[in-house]
Amino acid sequence: MSEDRPQRVRVTGPPRQSSARPRSRLGDVHEQTPLGGVYLRSLLREQLVLAVGILVVVAVTIGALPLVFHLWPELADIDMAGLPLAWVLLGGLVYPFLLLLGWRYVRQVERNERDFADLVEGAEP
Amino acid sequence: MSGDAVPGLLAVLAVTVATVAIGTWGLRFSRTTSDFFVASRTVHPRLNASAIGGEYLSAASFLGIAGLLLVGGAEMLWYPVGWTAGYLVLLVLVAAPLRRSGAYTLPDFAEARLGSRVVRAASSLLVVGVGWLYLVPQFRGAGLTLRSAIGLPEWVGPVIVGLVVLVNVMSGGMRSITFVQAFQYWLKLTALLVPAMVLLVVWWGDGRPAGDGGGAAWSVPVADGGGIGLYTTYSLIVALFLGTMGLPHVVVRFYTNPDGRGARRTTLAVLALLGLFYLWPPVYAALGRVYGDRLVARGDADVLVLELPRLVVDGIGGELLTALVTAGAFAAFLSTASGLAIAVSGVITQDVTSRLVGERGPRGTVATAFRLAAVVAVVVPVVVALTVEDVGGRAVGGARVRRGGVDVLPAAGARHLVARADRRRRPRRPRRRRPRRRQRRGAPPRRGAARGLARRPARAPGRLERPARLRRDGARLARHPGPRAAARAAVPRPAAHAGGAGA
């Protein structure tokens with residue numbers, strides 16, 4: 001009625017369908033569109049690099065032992081806690097080491113998969 | 001020998017009865033194809049790891065390694081190290097893809113991966129061949145062990161082991177065998193660990209006598225002969241590290257995991273269990289240096305584990321420990337033979353007997369086909385073990401080589417089966433088979449969409465269980481209704497598919 005009536009204001013909640021939130025890429029991955037292929041290849045490359053890394057670590061640690069003992073035969077005479085070095089390394093310590101490598105690998109691989117899932121499903125804002 | 005043999009005889013009887021009891025218990029669960037082949041893919045990683053440890057630790061590990069170490073020294077440590085490290089290689093390269101392929105058997109996997117019938121046939125032949133060649137020494141080893149430990153005639157071992165394995169495999173397939181093998185891992189570990197502890201205590205009580213040291217070569221982990229020795233050691237390492245991936249009875253156990261993640265965790269647990277086990281053979285070897293001179297002099301080092309308790313501990317204590325070790329050795333033969341029998345029966349079922357009895361029939365036929373295959377898988381090697389005298393064993397230089405070599409040869413022979421298959425680029429998904437395409441005829445005529453659906457991860461080369469697989473797909477579609485999937489859902493589907501999705 002009067003002229004000083006406040007102007008109408010539209011009140012809304014926070015936007016539910018935010019355009020900032022990335023669209024789910026899961027469909028792309030399943031359909032193997034070029035975009036999905038890129039995502040999938042990045043995951044596969046990551047996992048492959050990880051696997052190769054573990055194998056390289058095994059090769060330069062355990063795999064180097066015969067060469068080391070071949071080049072420096074006097075290592076065989078060293079005793080650790082009353083046992084020859086080779087027996088301590090290959091009879092005991094190698095198993096926890098392998099387990100540690102396996103554990104690291106599984107942890108990292110599962111993290112990669114979670115990250116990938118977050119990426120393609122669109123992370124929560 | 002008759003008085004001494006009683007504890008050993010009782011131990012073998014107890015292991016046999018327990019094995020049959022656990023195995024036939026699985027009969028109440030096993031009904032479907034999936035039960036028989038892969039225990040319906042519901043085996044928890046820890047149980048599965050115990051089962052893999054159970055079947056993997058054959059007599060070569062239980063008896064052979066300690067003897068090899070006693071005679072050959074540190075160079076022989078590469079055997080247990082390689083057998084364990086093989087699982088790390090398996091973990092990083094094939095564990096998860098193996099499971100995700102959804103295959104029932106190794107030939108399934110090879111065919112899904114390479115899309116070739118010829119590869120499938122070759123793979124089937126190799127699995128059966130490897131399995132049988134591997135089973136024969138298990139049966140013969142059982143005969144030799146029972147003869148030396150209890151004094152039974154040599155044919156008894158193969159017959160008993162063959163019968164027990166057959167009963168277990170036939171009664172519940174993979175379900176039964178999983179429990180049996182898990183039980184046998186812990187039995188074997190106990191049977192190795194408890195005597196080792198007692199022997200260590202006795203050794204400590206004796207004032208920790210040092211052995212004769214075994215000469216300088218005993219502590220060098222490289223074969224003799226300079227460059228050639230180095231080369232020999234490295235070839236052994238490569239064969240052992242890669243060989244594990246090709247053992248059909250190990251690979252088939254990975255199909256029993258719920259998913260790829262479970263497969264990885266299983267492998268990790270296997271690494272722990274094997275490491276725990278392989279700590280003990282060196283202890284026997286070291287104690288053998290102190291107490292077992294007579295065995296080395298007699299050339300009987302391969303019975304070190306069986307004989308050492310008697311040599312160190314006198315009287316009834318020694319006999320009881322020997323009985324425990326005998327039980328463990330017998331369990332080793334049983335569990336490895338069961339695993340191999342399962343792997344071979346699975347392949348024979350799919351490629352031979354299911355065609356004979358009618359593959360697409362009702363549930364009962366699958367069980368029948370599997371049981372028929374189990375008979376073939378077990379009886380052939382038993383007959384070979386009974387009739388053929390000492391297959392190559394003596395020729396290669398005695399039982400020492402044969403026992404030590406038991407695990408190595410098949411591993412090296414079959415490794416390319418899986419290693420080669422996995423070398424293909426990962427993005428390749430199992431190729432579709434014609435029947436599935438027919439099932440999807442009702443999907444919208446977008447070829448890309450259809451291909452994407454069919455190539456989605458976690459896809460199995462559906463062979464006998466197509467309805468279940470469709471149902472799973474339906475569930476996934478419902479959970480992630482991407483824009484295209486939603487559009488597809490709006491299109492009316494053929495009755496079979498829709499029914500499957502609703503179930």
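Residue numbers start from 1 in every chain, and the chains themselves are labelled A, B, ... in the order their sequence lines are given, proteins ahead of strands. This structure is a prediction, so every number in the text was calculated from the model and none was measured. For the numbers below, each heavy atom of this structure counts, side chains included, while hydrogens, waters and symmetry mates do not.
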S.K.: What's the separation between atom CG in B:L271 and atom OH in A:Y95, rounded to the nearest 0.5 Å?
M.R.: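 Going from the CG atom of B:L271 to the OH atom of A:Y95 covers 11.0 Å.
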S.K.: Hey, mind stepping through A:F69 and B:L230 against side chain to side chain contact (heavy atoms under 4.5 Å, CB included) and telling me if it holds?
M.R.: CA-CA 9 Å; A:F69 274 86; B:L230 190 65; over 6 Å; no
S.K.: Distance check, rounded to the nearest 0.5 Å: B:L77 atom CG versus A:L65 atom CG?
M.R.: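 Rounded to the nearest 0.5 Å, the CG-CG separation comes out at 11.0 Å.
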S.K.: At a 4.5 Å cut-off on heavy atoms, which part of A:I62 comes close to chain B: side chain, backbone, both, or neither?
M.R.: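 Both backbone and side chain.
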S.K.: Run A:Y105 and B:L268 through side chain to side chain contact (heavy atoms under 4.5 Å, CB included) and show every step you take.
M.R.: CA-CA 9 Å; A:Y105 171 78; B:L268 193 57; over 6 Å; no
S.K.: So which of B:A95, B:P80, B:A96 has the biggest tally of heavy-atom pairs under 4.5 Å with chain A?
M.R.: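 Most pairs with chain A among the choices: B:P80.
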S.K.: What part of B:A285 gets closer than 4.5 Å to chain A, counting heavy atoms only: side chain, backbone, both or neither?
M.R.: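 Side chain only.
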S.K.: Identify which part of A:V52 has an atom lying under 4.5 Å from any heavy atom of chain B, answering side chain, backbone, both or neither.
M.R.: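 For A:V52, no heavy atom lies under 4.5 Å from chain B.
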S.K.: Please indicate whether B:I228 has more than 12 foreign heavy atoms, meaning atoms of other residues, nucleotides or ligands, lying under 6.0 Å from its CD1.
M.R.: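 No, CD1 of B:I228 has 12 or fewer neighbouring heavy atoms, counting only those of other groups under 6.0 Å.
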S.K.: Sort B:L88 into side chain, backbone, both or neither according to what part of it lies under 4.5 angstrom from a heavy atom of chain A.
M.R.: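 B:L88 touches chain A through side-chain heavy atoms alone.
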S.K.: If you round to the nearest 0.5 Å, how far is CZ of B:R264 from CD of A:E110?
M.R.: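 The CZ atom of B:R264 is 6.0 Å from CD of A:E110, to the nearest 0.5 Å.
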S.K.: Does CZ belonging to A:R107 count more than 12 external heavy atoms closer than 6.0 Å?
M.R.: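 Atom CZ in A:R107 is packed in, count exceeds 12.
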S.K.: Does any non-hydrogen side-chain atom of A:W87 lie less than 4.5 Å from one of B:L69?
M.R.: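 B:L69 vs A:W87: side chains touch.
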S.K.: Examine whether an atom of A:L55 lies under 4.5 Å from a heavy atom of chain B, and if so say whether it belongs to the side chain, the backbone or both; otherwise answer neither.
M.R.: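 Contact with chain B involves the side chain of A:L55 alone.
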S.K.: Checking A:L67 against chain B: side chain, backbone, both or neither under 4.5 Å from a heavy atom?
M.R.: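 Looking at A:L67, backbone and side chain both touch chain B.
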S.K.: Which atoms form the tightest heavy-atom contact between A:H70 and B:V222, and what is the distance?
M.R.: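 Result for this residue pair: N-CG2, 4.3 Å.
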S.K.: Of the listed residues (A:P66, A:G63, A:G91), which shares the most heavy-atom pairs with chain B below a 4.5 Å separation?
M.R.: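 Most heavy-atom pairs within the cutoff with chain B belong to A:P66.
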S.K.: Name the region of B:L91, side chain, backbone, both or neither, that has any atom closer than 4.5 Å to a heavy atom of chain A.
M.R.: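 Backbone plus side chain of B:L91, per the 4.5 Å heavy-atom cut-off to chain A.
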S.K.: Heavy-atom distances under 4.5 Å only: say whether B:Y234 touches chain A with side chain, backbone, both or neither.
M.R.: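 Just its side chain gets close to chain A.
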S.K.: Side chain from CB out, backbone as N, CA, C, O: work out which of these in A:I54 comes under 4.5 Å of a heavy atom of chain B, or both, or neither.
M.R.: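 Just its side chain gets close to chain B.
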